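Numbering starts at 1 and runs along the sequence shown. Just so you know, ligand 1 is whichever comes first in the structure, and atom 1 is the first atom listed for that ligand. Please read all numbers here as calculations on a predicted model, not as lab measurements.
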Amino acid sequence: MRDLQNVTKPMTTAPLAKPDVKLENERSKPKWTLENFEIGRPLGKGKFGNVYLARERKSKFVVALKVLFKSQLQKSHLEHQLRREIEIQSHLRHPNILRMYGYFFDETRVYLILEYASKGEMYKFLMAQPLQRFEEPSVANYMAQLADALMYCHARKVIHRDIKPENLLIGANGDVKIADFGWSVHAPSSRRTTMCGTLDYLAPEMVEGRSHDERVDLWTLGILCYEFLVGKPPFEEEKTDLTYKRICSVDLRFPQHVTNGARDIISKLLKYQPEDRLDLKSILHHEWVQQHLTSEVRSKLPYFQSQDQIQSEV
Ligand code: AMP
């Protein structure tokens, strides 16, 4: 296999040829095969297969190719979940949501053609920081990007339900990319009772097995903001039943270094009642976010782009 790092030709940023990517339409079957790609170095190992750097031969477009073994998916009864993940992620177009360009399969494997996020996993980046936590300005910018991306999802009735550092990647410019839609759900009825997600990030309504809606993503944003600033999630305990209790009583404590502005946004997201949580638009306008939001990040957020457009038309 050729290592793409050693290929001297410049990587292209031209879009991947469109005509082959009509995957949602059964009548126009996916036309990609492994032959279309040069495979490069492994980018990482997942539970069901590996991810490789790859380049589409004709366009030279660089992607990440996720290879999943059908046998392992079947053993874990995850075919349905994967279908849902593909169906949802391949339709989303937002700068902070990892693009899924398409998929194909052979006898034994399923291949997902994904946007390449060159700075890798958010979790590893967090762990590599001094004290394993980020500075407040970086976190505020991540929060703005995630709030914007979730606003886009919720408007399309997509709830992510599993926002956590392990499911986030970082693009070439340091932008955050929501990557894993394995637990997400298309919610025409907006209320589901499935227990899913990671324990530390579970909202009270999910812990208690009540129905939930898109506002679980507001809770998980609050947990993520805390973990980014403190280095661990707020209700972490060795015993899971203690974590459950602390989640349901919203037993929130801050270390001294967390500023009042950060405490304010986290406390307003971690509300027991979903209707009391700060909404996504209010996250974008929150004083602490506004204080740290860089003009570069702001200029790329669709919400502010549309606001600026309205302003210029008035
Ligand atoms: P996953 O199976 O999605 O957990 O992916 C395994 C690992 O591969 C991740 O932890 C990342 O380090 C890496 N990876 C997955 N997808 C991408 C991507 N689109 N761009 C860059 N690295 C990726």
Distance under 4.0 Å to a non-hydrogen atom of Lys66: what atoms of ligand 1 satisfy this? 1 (P), 2 (O), 3 (O)
Closest protein heavy atom (residue, atom, distance) for atom 2 (O) of ligand 1: Gly46 CA, 3.2 Å
Regarding His94 and Arg99, do their side chains bring together a donor and an acceptor under 3.5 Å, going by distance alone? no
Counting each atom of ligand 1 from 1 as listed, which ones have a heavy atom of Ala64 under 4.0 Å away? 18 (C), 19 (N), 20 (N)
Nearest-neighbour protein heavy atom for atom 19 (N) of ligand 1, which is reported as residue plus atom name and distance: Glu115 O, 2.8 Å
How does Ala117 reach ligand 1, if at all, at less than 4.0 Å between non-hydrogen atoms: by side chain, backbone, both, or neither? both
Go through the side-chain N and O atoms of His292 and Asn141 and say whether any donor and acceptor fall under 3.5 Å apart. no
Selected option - heavy-atom contact closest to atom 9 (C) of ligand 1, from Glu121, Lys177, Arg99: Glu121
Donor + acceptor pair across side chains of Tyr244, Glu237 (<3.5 Å): no
From Leu53, Leu169, Leu114 - option closest to atom 18 (C) of ligand 1 by heavy atom: Leu169
Among all the protein's non-hydrogen atoms, which is closest to atom 5 (O) of ligand 1, and how far away is it? Val51 CG2, 3.6 Å
Logged contact type for Glu166 with ligand 1, heavy-atom cut-off 4.0 Å, is neither
Using the salt bridge (Lys or Arg N to Asp or Glu O under 4.0 Å) rule, take Asp279 and Lys281 through it: C-alpha gap first, then chi angles, then the decisive distance, then the call. CA-CA 6 Å; Asp279 63 27; Lys281 199 163 138 188; over 6 Å; no
Does a side chain donor of either Thr243 or Glu236 reach within less than 3.5 Å of an acceptor in the other side chain? no
Please determine whether residues Met127 and Leu224 belong to a single hydrophobic cluster, defined as Ile, Leu, Val, Met, Phe, Trp and Tyr linked transitively by side-chain heavy-atom distances below 4.5 Å. yes
Hey, does Lys45 come in under 3.5 Å of ligand 1, counting only N/O atoms on both sides? no
If we set the cut-off at 4.0 Å for heavy atoms, which region of Leu43 has an atom near ligand 1: side chain, backbone, both, or neither? both
Considering only non-hydrogen protein atoms, determine which one is nearest to atom 8 (O) of ligand 1 and report residue, atom name and distance to 0.1 Å. Gly44 CA, 3.3 Å
Stacked cation flag Arg246 on Phe235, 6.0 angstrom / 45 deg: no
For a ring-ring contact (aromatic ring centres under 6.0 Å, His included) with Trp32, tell me which candidate from Phe105, Phe37, Tyr103 qualifies. Phe37
What part of Asn50, side chain, backbone, both or neither, has a heavy atom within less than 4.0 angstrom of ligand 1? neither
Residue pair Trp288 / Glu136, side-chain donor-acceptor N/O under 3.5 Å: yes
